[in-house]
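Notes for the one structure printed next.
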Amino acid sequence: MDGVITRFVPGHDGAGLALHRLGSASAGRPMIMLHGLFSNAAVNWIKFGTAARLAAAGFDPIMPDFRAHGQSPAPRDAAAYPADVLVKDLQAIIGELRLGEFDLCGFSLGARVALRAVTEAGFTPRRLILCGMGLEGIVQWERRIAFFLDVIDRYGTIPRGDPAYFAQAFMRSTGVDLVAARHLLQSFTGSGPDSLARATMPTRLICGADDHDNGSAQELANALPDATYVAIPGTHMSSVTMPELAEQIIAFLQA
């Protein structure tokens with residue numbers, strides 16, 4: 001990845017987590033960007049130019065790989081995955097970087113982690129951006145957990161035409177460790193609708209017009225105190241490849 005500097009920073013338990021930044025963007029305004037489930041920073045933010053567009057607009061994209069994803073370790077010990085482990089790791093990363101003011105953005109699982117960091121851990125980003133996420137993905141996350149646990153259970157045997165086929169193919173393409181993935185999925189905890197009132201900062205929902213994986217983004221925007229929703233082209237998988245994603249993020253941050 002040309003121009004990308006990767007270092008390893010301690011997670012909540014000291015595990016070294018991969019953190020990617022663009023060297024040319026280090027003087028910009030900090031922008032933490034969290035990738036989706038079974039993906040990584042390279043696939044969601046770097047490969048299709050989103051991070052580069054943000055850097056050109058004056059931001060410093062700070063892009064960790066979650067544990068059990070990308071270049072970060074994937075421990076197989078269940079003890080490495082306490083409840084809300086990804087929020088705990090994010091707290092550790094922010095502490096290590098000594099960040100003051102920052103913006104926070106997440107796609108899919110990353111959006112869920114970002115919102116839980118605000119509503120359950122007291123994060124106060126200047127602005128919050130939730131991509132590829134709807135209300136059902138927040139308050140009924142157990143359904144998504146069950147879907148992916150089923151993919152793990154049937155991994156390698158799921159036929160084309162099965163609703164889980166493309167999830168299996170994506171997990172194969174990113175080299176997911178199935179044991180670590182199961183532990184990680186079981187670390188997720190639910191968010192009640194009442195908790196959403198704690199996300200008081202300006203928030204933008206950005207979702208592919210044909211993305212229905214996590215329910216309605218408009219309904220999630222309606223449930224948050226200060227949120228707006230914008231549709232961009234694409235499905236859940238293809239929306240991160242669209243230049244409109246970076247365009248809408250930048251427009252919101254610069255408004």
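Small disclaimer: the values here were computed from a predicted structure and weren't measured.
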Item to check | Tyr155 side chain near Arg172 side chain, heavy-atom distance below 4.5 Å | outcome: yes
Checklist entry - Any side-chain heavy-atom pair from Arg127 and Phe252 closer than 4.5 angstrom? => result yes
Checklist entry - Hey, is the main chain of Leu184 close enough, under 3.5 Å, to the side chain of Ser187 for a donor-acceptor pair? => result yes
Next on the checklist: Set out, in order, the CA-CA distance, both residues' side-chain angles and the distance that settles side-chain hydrogen bond (donor to acceptor under 3.5 Å, both in side chains) for Ser195 and Arg116, then state yes or no.
Outcome noted: CA-CA 9 Å; Ser195 70; Arg116 283 194 65 81; over 6 Å; no
Checklist entry - Counting N and O atoms only, with roles assigned by atom type, does the side chain of Gln248 sit under 3.5 Å from a partner on the main chain of Val230, one being a donor and the other an acceptor? => result no
Next on the checklist: Could you measure the distance from the CG atom of Leu185 to the CG atom of Leu37? Nearest 0.5 Å is fine.
Outcome noted: 6.0 Å
Item to check | Pair Arg204, Thr228: side-chain N/O donor-acceptor within cut-off below 3.5 Å | outcome: yes
Item to check | Exam field: side chain Ser72 to backbone Ala68, donor-acceptor pair closer than 3.5 Å | outcome: no
Checklist entry - Which atoms form the tightest heavy-atom contact between Ile62 and Pro30, and what is the distance? => result CD1-CB, 4.0 Å
Item to check | Main-chain N/O of Asn40 paired with Asp65 side-chain donor or acceptor, under 3.5 Å | outcome: no
Next on the checklist: If you define the side chain from C-beta out and look only at heavy atoms, does anything of Val118 sit under 4.5 Å from Thr124?
Outcome noted: no
Checklist outcome for this item: On a heavy-atom basis, the closest approach of Leu34 and Pro64 is CD2-CG, 3.7 Å
Checklist entry - Same cluster or not: are Val43 and Leu54 linked, directly or through other Ile, Leu, Val, Met, Phe, Trp or Tyr residues, by side-chain heavy atoms under 4.5 angstrom apart? => result no
Checklist entry - For the residue pair Phe38 and Phe148, does the interplanar ring angle fall in the parallel (under 30°), tilted (30 to 60°) or perpendicular (over 60°) class? => result perpendicular
Item to check | Considering all heavy atoms, the nearest Glu136-Gly215 contact | outcome: CB-CA, 3.9 Å
Item to check | Side chain to side chain, Leu99 and Ile93, heavy atoms closer than 4.5 Å | outcome: no
Checklist entry - Can you find a heavy atom in the side chain of Asp84 that is under 4.5 Å from one in the side chain of Gln91? => result no
Checklist entry - Between Leu196 and Ala223, what is the shortest heavy-atom contact and its length? => result CD1-CB, 3.7 Å
Item to check | Working for ring-ring contact (aromatic ring centres under 6.0 Å, His included), residues His236 and Phe107 | outcome: CA-CA 10 Å; His236 192 69; Phe107 172 76; 4.9 Å; yes
Item to check | Reported OG1-to-CE distance for the pair Thr50 and Met242, which is rounded to 0.5 angstrom | outcome: 11.0 Å
Item to check | Crowding at CZ, Phe147 (>12 non-hydrogen neighbours, <6.0 Å) | outcome: yes
Next on the checklist: Taking Ala80's backbone N and O only, do any of them form a donor-acceptor pair with Asp77's side chain (distance below 3.5 Å, no angle check)?
Outcome noted: no
Item to check | Pairing of Glu120 and Arg198 as salt bridge, 4.0 angstrom limit | outcome: yes
Item to check | Between Thr6 and Arg21, a side-chain donor and acceptor under 3.5 Å | outcome: no
Checklist entry - Is there a side-chain contact between Phe66 and Asp89, using heavy atoms and a 4.5 Å cut-off? => result no
Next on the checklist: Using salt bridge (charged side-chain N to carboxylate O under 4.0 Å, His left out), reason through Arg29 and Asp103 one step at a time and then give a plain yes or no.
Outcome noted: CA-CA 8 Å; Arg29 193 165 78 209; Asp103 298 305; 3.1 Å; yes
Next on the checklist: With heavy-atom distances below 4.5 Å as the criterion, would you say the side chains of Met133 and Leu220 are in contact?
Outcome noted: yes
Next on the checklist: Working to the nearest 0.5 angstrom, can you tell me the gap between Leu104 CG and Ile32 CD1?
Outcome noted: 5.5 Å
Checklist entry - Would a hydrophobic clustering, with Ile, Leu, Val, Met, Phe, Trp and Tyr connected at side-chain separations under 4.5 Å, put Met31 with Val113? => result no
Next on the checklist: Just verifying a value: how many Å separate Asn214 CG and Ile138 CD1, rounded to the nearest 0.5 Å?
Outcome noted: 7.5 Å
Next on the checklist: If only side-chain N and O atoms count, and only distance matters, is there a donor-acceptor pair under 3.5 Å linking Thr235 with Asp210?
Outcome noted: no
Item to check | Tyr229 side chain to Asn222 backbone, donor-acceptor under 3.5 Å | outcome: no
Checklist entry - Do Cys131 and Ile206 have side chains that get closer than 4.5 Å, going by heavy atoms? => result yes
Next on the checklist: Before you tell me yes or no, could you show the steps for Phe188 and Val85 under side-chain contact (heavy atoms from CB on, under 4.5 Å), namely the whole-Å CA-CA distance, both residues' side-chain angles and the distance that decides it to 0.1 Å?
Outcome noted: CA-CA 8 Å; Phe188 299 160; Val85 63; 5.9 Å; no
Item to check | Cys105 side, atom SG; Phe59 side, atom CZ - distance, nearest 0.5 Å | outcome: 11.0 Å
Checklist entry - What closest approach, in Å, do His12 and Arg67 show between heavy atoms, and which atom pair accounts for it? => result CD2-NH2, 3.6 Å
Next on the checklist: Strictly distance-based, threshold 3.5 Å: is any side-chain N or O of Thr174 a donor or acceptor partner for the main-chain N or O of Phe170?
Outcome noted: yes
Item to check | Residue pair Ile129, Leu253: steps toward the side-chain contact (heavy atoms from CB on, under 4.5 Å) verdict | outcome: CA-CA 9 Å; Ile129 301 171; Leu253 296 179; 3.9 Å; yes
Checklist outcome for this item: So CE of Met63 and CG of Leu19: to nearest 0.5 Å the spacing works out to 8.0 Å
Item to check | Shortest non-hydrogen contact from Ala18 toward Gln71 | outcome: CB-CB, 3.7 Å
Item to check | Leu90 with Phe8, same ILVMFWY side-chain cluster at under 4.5 Å | outcome: no
Item to check | Intermediate values then yes/no, side-chain contact (heavy atoms from CB on, under 4.5 Å), Ile145 and Gln186 | outcome: CA-CA 8 Å; Ile145 292 174; Gln186 292 171 336; 5.7 Å; no
Next on the checklist: Donor-acceptor check, side chain of Arg126 to backbone of Met201, threshold 3.5 angstrom: yes or no?
Outcome noted: no
Next on the checklist: Please say yes or no: joined through hydrophobic side-chain contacts below 4.5 Å, possibly via intermediate residues, are Phe48 and Met33 part of one cluster?
Outcome noted: no
Item to check | Trp45 backbone acceptor or donor facing His35 side chain under 3.5 Å | outcome: no
Checklist entry - With hydrophobic residues grouped by side-chain heavy-atom distances under 4.5 Å, do Val87 and Leu97 end up in a single group? => result yes
Next on the checklist: Working note: Ser239 + Asp211, criterion side-chain hydrogen bond (donor to acceptor under 3.5 Å, both in side chains); need CA distance, chi angles, decisive distance, verdict.
Outcome noted: CA-CA 8 Å; Ser239 60; Asp211 179 0; 4.8 Å; no
Next on the checklist: Check Asp13 with Lys88, please: is the shortest side-chain N to carboxylate O separation under 4.0 Å?
Outcome noted: no
Item to check | Test log, rule side-chain contact (heavy atoms from CB on, under 4.5 Å), inputs Leu130 and Leu224 | outcome: CA-CA 11 Å; Leu130 308 175; Leu224 294 168; 4.1 Å; yes
